[in-house]
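First comes the structure, then the notes that go with it.
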Amino acid sequence: MTRQKWKELLIRALRLYTLLVTLITVLMIVLGNLLDRGRVFSYDAFVSPLVYALIGTVATMITRSDKELSVRSLVIRKIIHLLLIEGAVILIALNADTIPTEKSWVLPGLALGIFVVFVLTHIILYLINKKDAEKLNADLSRYQERQMNGSPIHE
């Protein structure tokens with residue numbers, strides 16, 4: 001992989017990581033306030049969104065592809081991606097003393113929350129990528145128009 005591709009991959013990973021930390025933090029606030037309002041956490045609780053976002057980012061790196069995928073292949077990869085994240089986070093939850101997995105709502109709430117964050121992340125990234133593509137297409141159209149008119153290409 002070229003240096004430029006590594007740079008682009010790192011930028012996309014950091015964008016994803018930041019978005020995931022934000023959405024996971026919001027999810028934890030919502031689930032906590034709705035379902036476990038009386039719980040008090042230590043400062044260690046601030047680490048969990050960072051760890052969970054890292055899991056989501058690594059899962060993305062594992063399931064990514066440099067070649068263009070068919071819709072079927074893309075859907076299968078996204079399902080595998082979601083299952084990797086769900087499995088890793090639920091495994092952590094089952095082994096953590098601080099997460100009350102004995103309560104009937106915790107694992108389904110966690111699984112649903114992960115799914116919501118997964119979907120929101122993909123929607124937000126789609127909108128960002130769409131905006132970038134529209135800008136790139138507009139720039140390309142201006143460039144082609146200048147080429148056809150024989151104008152110098154200076155901006």
Side-chain angles (χ1 to χ4, degrees), residues 1-33 41 43-96 98-99 106-155:
M1 197 179 317
T2 66
R3 183 177 178 164
Q4 181 63 25
K5 286 210 180 233
W6 276 108
K7 183 179 174 183
E8 290 172 11
L9 182 63
L10 180 62
I11 289 170
R12 279 194 311 228
L14 287 173
R15 180 186 287 175
L16 174 63
Y17 183 77
T18 304
L19 178 60
L20 285 173
V21 168
T22 304
L23 291 174
I24 290 167
T25 302
V26 170
L27 172 68
M28 290 176 68
I29 291 167
V30 169
L31 285 178
N33 280 323
F41 293 100
Y43 287 109
D44 293 339
F46 291 111
V47 174
S48 58
L50 302 173
V51 171
Y52 296 141
L54 183 61
I55 290 169
T57 304
V58 168
T60 298
M61 299 308 213
I62 291 171
T63 58
R64 77 175 192 78
S65 175
D66 287 336
K67 60 183 179 175
E68 192 165 335
L69 302 172
S70 68
V71 174
R72 182 173 184 251
S73 295
L74 181 65
V75 169
I76 290 170
R77 280 184 191 255
K78 293 299 179 183
I79 291 170
I80 292 169
H81 181 198
L82 177 60
L83 292 175
L84 282 171
I85 295 168
E86 293 269 4
V89 173
I90 288 174
L91 187 65
I92 289 171
L94 289 171
N95 290 303
T98 57
I99 300 174
V106 171
L107 291 180
L110 189 57
L112 178 62
I114 292 167
F115 179 75
V116 169
V117 167
F118 186 82
V119 170
L120 284 174
T121 299
H122 282 80
I123 289 170
I124 291 168
L125 289 176
Y126 169 78
L127 293 173
I128 290 169
N129 290 336
K130 181 180 176 199
K131 182 180 174 188
D132 289 347
E134 288 169 351
K135 182 185 179 317
L136 188 61
N137 284 333
D139 290 346
L140 181 58
S141 292
R142 279 194 303 275
Y143 173 80
Q144 289 173 334
E145 193 174 300
R146 286 189 188 124
Q147 287 289 83
M148 291 175 67
N149 293 335
S151 301
I153 307 168
H154 298 289
E155 296 232 0

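Heavy-atom basis, side chains included; hydrogens, waters and symmetry copies ignored. Keep in mind the model is a prediction, meaning the values are calculated, not measured.
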Would you call Leu136 and Leu140 a side-chain contact if the rule is heavy atoms closer than 4.5 Å?
no
Any carboxylate oxygen within less than 4.0 angstrom of a Lys/Arg side-chain nitrogen, looking at Asp132 and Lys135?
no
Roughly how far apart are Glu145 CD and Arg142 CZ, rounded to 0.5 Å?
9.5 Å
Do Tyr126 and His122 have ring centroids that are under 6.0 Å from one another?
no
Within the 4.5 Å heavy-atom criterion, are Glu86 and Phe118 side-chain neighbours or not?
no
Quick one: are Leu127 and Lys131 in side-chain contact, heavy atoms under 4.5 Å?
no
Could you walk me through whether Arg15 and Ile128 satisfy the side chain to side chain contact (heavy atoms under 4.5 Å, CB included) test, starting with their C-alpha distance in whole Å, then the side-chain angles of each, then the deciding distance to 0.1 Å, before giving a yes or no?
CA-CA 10 Å; Arg15 180 186 287 175; Ile128 290 169; 3.2 Å; yes
Quick one: CD1 on Ile11 to NZ on Lys7, what's the gap to the nearest 0.5 Å?
5.5 Å
Under the 3.5 angstrom rule, does the side chain of Tyr17 hit a backbone N or O of Leu50 as a donor-acceptor pair?
yes
Are Tyr52 and Leu20 close enough that some pair of their side-chain heavy atoms sits under 4.5 Å apart?
no
Might you point out which heavy atoms bring Leu91 and Asn95 nearest each other, and give the distance in Å?
O-ND2, 2.9 Å
Output, in order, the C-alpha distance, side-chain angles, deciding distance and verdict of side chain to side chain contact (heavy atoms under 4.5 Å, CB included) for Arg12 and Leu125.
CA-CA 10 Å; Arg12 279 194 311 228; Leu125 289 176; over 6 Å; no
How far apart are the C-alpha atoms of Leu19 and Leu120, what are their side-chain angles, what is the distance that settles it, and do they pass the side chain to side chain contact (heavy atoms under 4.5 Å, CB included) test?
CA-CA 10 Å; Leu19 178 60; Leu120 284 174; over 6 Å; no
Heavy atoms of Pro49 and Val21 approach each other most closely as O-CG2, 4.0 Å
Side-chain contact, heavy-atom cut-off 4.5 Å: Leu107 with Leu94?
yes
Using the side chain to side chain contact (heavy atoms under 4.5 Å, CB included) rule, take Ile55 and Ile92 through it: C-alpha gap first, then chi angles, then the decisive distance, then the call.
CA-CA 11 Å; Ile55 290 169; Ile92 289 171; 3.4 Å; yes
All heavy atoms of Gly56 vs all of His81, minimum pair found to be O-NE2, 3.5 Å
What one should report as the nearest heavy-atom pair of Leu69 and Ser73 is CB-CB, 4.0 Å
Name of the residue among Val30, Leu31, Thr25, Ile24 meeting side chain to side chain contact (heavy atoms under 4.5 Å, CB included) with Met28:
Ile24
Under 6.0 Å from the CD atom of Gln144, do we count more than 12 heavy atoms belonging to anything else shown?
yes
To the nearest 0.5 angstrom, please state how far the CD1 atom of Ile85 sits from the CD1 atom of Ile90.
11.5 Å
